[in-house]
Colleague: 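A single structure is presented below for examination.
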Amino acid sequence: MAETETEVIGAGSQLMSSIKGVLIGLVMIPASFGVVWMASHRAQASEELQGAFPVAQKAKAVKEQKAVYATGKIKANQIGDPGYIKPGNYLSLSRTPEVYAYIETKETKTRKEGTKEIKETTYDCKLGWTDNPSGDYGTKGCRGKPRYSLQGSKSSSTANISLEESGKTYRVKGATQYGFDSLSLSESDLVQSNLTVSSNDVYFNKRCASSPDAGCQRYSYSGTVYDPASDHTVVGSETGDQFQKFNDFLIIGVGDYTNTMETVASSDSMWTLIWFGLSVVLFGGGLSLLVGPLLQIIEFIPFIGNFGAGVIRFILFAFAFVVMGLTFLLLEYWY
């Protein structure tokens with residue numbers, strides 16, 4: 001049965017919390033500039049490995065301080081999960097046991113009543129798949145519910161990768177992978193006929209797959225796969241018959257060198273946007289905390305308080321976007 005706890009926070013406590021937030025804001029604002037610097041100046045594989053030479057032109061690459069690449073077929077040992085997944089063309093394969101057990105949920109709603117803030121927290125208990133049943137039992141929503149343990153343990157396997165080009169095989173270890181497909185299991189990949197698979201989850205009986213009840217068990221799988229008939233490209237530095245890192249980067253991707261580098265560039269651009277977005281959040285959040293006491297006082301004003309404070313926060317984040325954008329451009333093209 002759901003349990004609800006109610007907490008009433010007075011105006012004084014709210015104002016004191018906003019004053020404490022000023023100290024956090026003073027840390028977040030300078031941190032945002034460090035993050036935007038990271039967005040513009042972090043080392044990127046798409047830049048460090050640009051202009052690489054074919055491995056046959058290694059001498060020229062060394063002279064011009066460039067990386068080398070090889071394009072060919074992947075050769076790797078087939079891996080699987082004994083008793084459950086047949087060995088196949090997987091670069092990696094991970095298993096996580098899960099049980100259908102009771103999980104405590106927590107939902108908090110906040111509302112204003114004059115200058116008071118009413119916080120209501122509702123605890124409930126629901127059945128669901130979890131890989132940490134012992135950590136899903138609290139002291140409220142799931143009190144008195146039966147507990148279930150996991151069957152089996154986590155495991156992971158990684159294939160030893162080599163790449164064959166024009167009759168020569170190069171060992172590739174520790175390369176960052178780009179463009180490979182994620183694992184997608186089917187019934188034909190299962191070792192036992194009594195197993196059932198759905199969305200990479202392997203069930204020990206059909207009932208638990210269609211209509212699970214408390215105590216049902218399953219293994220959830222993840223990983224990456226490769227096509228041994230397709231071309232792949234490794235980029236880095238080459239010593240003997242092994243590819244190693246070049247300027248801290250060793251990559252392997254699907255297709256030829258051009259296709260691989262396009263995938264790498266797309267990934268680098270995405271991470272640049274993520275770092276930039278984080279800097280905006282830090283700067284905007286820091287400014288909001290810095291003027292938090294003022295915003296808190298505005299929220300006490302009847303009818304327009306929340307709306308007025310919301311408008312100010314929007315303006316602060318818009319200002320943060322402009323400032324971080326200009327800072328990024330200055331760092332990227334001037335510094």
Colleague: Does a side-chain heavy-atom distance below 4.5 Å link Asp256 with Asp231?
Modeller: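 The answer is no, as the side chains (C-beta and beyond) never meet within the 4.5 Å cut-off.
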
Colleague: Ring pair (Phe, Tyr, Trp, His ring centres under 6.0 Å): which pairs involve residues 212-235, sequence neighbours left out?
Modeller: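 Residue pairs passing ring pair (Phe, Tyr, Trp, His ring centres under 6.0 Å), neighbours aside: Tyr84-Tyr219, Phe180-His232, Phe204-Tyr219.
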
Colleague: Nearest 0.5 Å, what's the CG-OH distance between Leu185 and Tyr90?
Modeller: 5.5 Å

Colleague: Any side-chain heavy atom of Thr110 within less than 4.5 Å of one from Glu117?
Modeller: yes

Colleague: Is there side-chain contact between Thr272 and Glu332, with heavy atoms separated by less than 4.5 Å?
Modeller: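 No, too far: nothing below the 4.5 Å cut-off.
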
Colleague: Which heavy atom of Gly284 sits nearest to which heavy atom of Ala320, and what is that distance?
Modeller: N-CB, 3.5 Å

Colleague: Going by distance alone, is a donor N or O of one side chain under 3.5 Å from an acceptor N or O of the other, for Ser220 and Asp201?
Modeller: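 Their side chains do contain a donor-acceptor pair, which is all the 3.5 Å distance test asks for.
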
Colleague: Of all the heavy-atom pairs spanning Asp189 and Ser184, show the shortest one and how long it is.
Modeller: OD2-O, 4.1 Å

Colleague: Using a cut-off of 6.0 Å, state whether more than 12 heavy atoms not belonging to Glu187 lie near its atom CD.
Modeller: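 More than 12 within 6.0 Å, yes.
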
Colleague: Indicate, with yes or no, if Val172 and Ile74 share a hydrophobic cluster defined by side-chain heavy-atom contacts under 4.5 Å among Ile, Leu, Val, Met, Phe, Trp and Tyr.
Modeller: yes

Colleague: Indicate yes or no: does Lys168 engage Asp241 in a salt bridge with an N to O separation below 4.0 Å.
Modeller: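 Salt bridge flag = no for Asp241 with Lys168.
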
Colleague: Quick check: does any side chain N or O of Asp268 sit under 3.5 Å from a backbone N or O of Ser46, one acting as donor and the other as acceptor?
Modeller: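 Yes, Asp268 side chain to Ser46 backbone: donor-acceptor pair under 3.5 Å.
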
Colleague: Step by step, would you call Phe319 with Val322 a side-chain contact (heavy atoms from CB on, under 4.5 Å)?
Modeller: CA-CA 5 Å; Phe319 176 72; Val322 173; 5.5 Å; no

Colleague: Once salt bridge (Lys or Arg N to Asp or Glu O under 4.0 Å) is applied, do any residues pair with Glu47, and if so which ones, sequence neighbours excluded?
Modeller: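 So Glu47 forms no salt bridge (Lys or Arg N to Asp or Glu O under 4.0 Å) with any residue.
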
Colleague: Going through the checks in order, is the side-chain contact (heavy atoms from CB on, under 4.5 Å) test met by Asp227 and Asn89?
Modeller: CA-CA 7 Å; Asp227 181 1; Asn89 298 321; over 6 Å; no

Colleague: Please say whether more than 12 non-hydrogen atoms of neighbouring residues, nucleotides or ligands are located less than 6.0 Å from CG in Asp213.
Modeller: yes

Colleague: Spell out, yes or no, whether Leu91 and Ile79 are grouped together once hydrophobic residues are joined by side-chain heavy atoms under 4.5 Å, including indirect joins.
Modeller: no

Colleague: Could you check Met324 against Phe33 for side-chain contact (heavy atoms from CB on, under 4.5 Å), going step by step and ending with a plain yes or no?
Modeller: CA-CA 8 Å; Met324 289 294 102; Phe33 287 94; 3.6 Å; yes

Colleague: Side-chain contact test, heavy atoms from C-beta onward, threshold under 4.5 Å: evaluate it for Ile103 versus Lys126 and give yes or no.
Modeller: no

Colleague: Taking Asp131 for the side chain and Glu98 for the main chain, is one N or O donor matched with an acceptor at less than 3.5 Å?
Modeller: no

Colleague: Do we see a donor-acceptor contact under 3.5 Å between the side chains of Thr224 and Ser92?
Modeller: yes

Colleague: Which pair of heavy atoms, one from Gly21 and one from Leu289, lies closest together, and at what distance?
Modeller: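 Closest approach of Gly21 to Leu289: O-CB, 3.3 Å.
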
Colleague: Can you confirm whether Phe300 is buried at CZ, in the sense that more than 12 heavy atoms of other residues, nucleotides or ligands lie under 6.0 Å from that atom?
Modeller: yes

Colleague: Quick one, Leu295 and Ser18 - any side-chain contact, counting heavy atoms below 4.5 Å?
Modeller: no

Colleague: What closest approach, in Å, do Arg171 and Ser162 show between heavy atoms, and which atom pair accounts for it?
Modeller: CA-OG, 4.0 Å

Colleague: For Thr121, does its backbone N or O pair with a side-chain atom of Thr108 as donor and acceptor, under 3.5 Å?
Modeller: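 No; judged by distance alone, with no hydrogens or angles, the pair does not exist.
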
Colleague: Using only atom types and a distance under 3.5 Å, with no angle test, would you say the side chain of Glu120 pairs donor to acceptor with the backbone of Thr6?
Modeller: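 No; judged by distance alone, with no hydrogens or angles, the pair does not exist.
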
Colleague: May I ask you to decide if Ser188's main-chain N or O and Lys86's side chain share a donor-acceptor pair within less than 3.5 Å?
Modeller: yes

Colleague: Indicate if Met261 and Val68 have the same hydrophobic cluster label, given that clusters are the connected sets of ILVMFWY residues with side-chain heavy-atom separations under 4.5 angstrom.
Modeller: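 Different clusters.
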
Colleague: So which of Glu238, Lys75, Gln242 actually passes side chain to side chain contact (heavy atoms under 4.5 Å, CB included) with Tyr170?
Modeller: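 Among the candidates, only Glu238 passes.
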
Colleague: Out of curiosity, does Tyr333 fall in the hydrophobic cluster containing Leu326 (side-chain heavy atoms, cut-off under 4.5 Å, transitive links)?
Modeller: no

Colleague: Only one of Thr263, Thr260, Ile251, Asn259 forms a side chain to side chain contact (heavy atoms under 4.5 Å, CB included) with Thr233, so which one is it?
Modeller: Thr260

Colleague: Mind checking the OH-CG spacing from Tyr102 to Leu127? Nearest 0.5 Å is all I need.
Modeller: 4.5 Å

Colleague: Counting N and O atoms only, with roles assigned by atom type, does the side chain of Ser267 sit under 3.5 Å from a partner on the main chain of Val264, one being a donor and the other an acceptor?
Modeller: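 Checking the backbone N and O of Val264 against the side chain of Ser267, no donor-acceptor pair under 3.5 Å is found.
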
Colleague: Output, in order, the C-alpha distance, side-chain angles, deciding distance and verdict of side-chain contact (heavy atoms from CB on, under 4.5 Å) for Leu290 and Leu26.
Modeller: CA-CA 7 Å; Leu290 207 60; Leu26 290 173; 3.5 Å; yes

Colleague: Rounded to the nearest 0.5 Å, how far apart are CG of Leu49 and CD of Gln44?
Modeller: 11.0 Å

Colleague: Report, as yes or no, whether the 6.0 Å neighbourhood of atom NZ on Lys245 holds more than 12 heavy atoms from other residues, nucleotides or ligands.
Modeller: no

Colleague: For the NZ atom on Lys106, are there more than 12 heavy atoms of other groups (residues, nucleotides or ligands in this structure) within a distance under 6.0 Å?
Modeller: no

Colleague: Taking all non-hydrogen atoms of both residues into account, name the closest pair between Cys216 and Trp129 and its distance.
Modeller: O-CZ3, 3.4 Å

Colleague: Using a distance-only test with no angle check, is there a side-chain donor-acceptor pair under 3.5 angstrom linking Thr4 and Thr122?
Modeller: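 Checked: Thr4/Thr122 side chains pair up, N/O donor to acceptor below 3.5 Å.
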
Colleague: To the closest 0.5 Å, what do you measure between SG (Cys208) and OH (Tyr203)?
Modeller: 9.0 Å

Colleague: If I take atom CG from residue Asn200 and atom OG1 from residue Thr96, how far apart are they, to the nearest 0.5 angstrom?
Modeller: 11.5 Å

Colleague: So do the side chains of Val36 and Leu331 get within less than 4.5 Å of each other, counting heavy atoms only?
Modeller: yes

Colleague: Check for a donor-acceptor pair, side chain of Gln217 on one end and backbone N or O of Gln151 on the other, with a separation under 3.5 Å.
Modeller: yes

Colleague: Determine whether Ile85 and Val202 make a side-chain contact, defined as any pair of heavy atoms from C-beta on separated by less than 4.5 Å.
Modeller: yes

Colleague: Backbone N or O of Glu262 within a donor-acceptor pair of the Ser266 side chain at under 3.5 Å?
Modeller: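 Judged by distance alone, no pair lies under 3.5 Å.
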
Colleague: Verify, without hydrogens or angle tests, whether Tyr257 (side chain) and Ala52 (backbone) share a donor-acceptor contact under 3.5 angstrom.
Modeller: yes

Colleague: Which distance, rounded to the nearest 0.5 Å, do you find between the CG of Leu273 and the CE of Met270?
Modeller: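 If we round to the nearest 0.5 Å, Leu273:CG and Met270:CE are 9.0 Å apart.
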
Colleague: Going only through I, L, V, M, F, W and Y residues with side-chain contacts under 4.5 Å, is there a path from Ile24 to Leu287?
Modeller: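 No: no chain of side-chain contacts under 4.5 Å links Ile24 to Leu287.
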
Colleague: So which atom in Glu165 and which in Val55 form the shortest heavy-atom distance, rounded to 0.1 Å?
Modeller: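 Answer, listing the atom of Glu165 first, then Val55: OE1-CG1, 3.4 Å.
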
Colleague: Side chains of Ser279 and Ser32: donor-acceptor distance under 3.5 Å anywhere?
Modeller: no

Colleague: Got a salt bridge between Glu104 and Lys145, using NZ or NE/NH1/NH2 to carboxylate O under 4.0 Å?
Modeller: no

Colleague: Using distance alone, with no hydrogens and no angle criterion, decide if Ser157 and Arg95 have a side-chain donor and acceptor under 3.5 Å apart.
Modeller: no

Colleague: Count the heavy atoms of every other residue, nucleotide or ligand shown that sit under 6.0 Å from CH2 of Trp275, and state whether that count exceeds 12.
Modeller: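 Counting neighbours around CH2 of Trp275, 12 or fewer heavy atoms of other residues, nucleotides or ligands fall under 6.0 Å, so no.
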
Colleague: May I ask you to check whether Tyr148 and Tyr100 place their ring centers less than 6.0 Å from one another?
Modeller: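 Between Tyr148 and Tyr100, the centre distance exceeds or equals 6.0 Å.
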
Colleague: Does a side-chain heavy-atom distance below 4.5 Å link Val8 with Lys119?
Modeller: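 Result no, sub-4.5 Å side-chain heavy-atom pair not found.
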
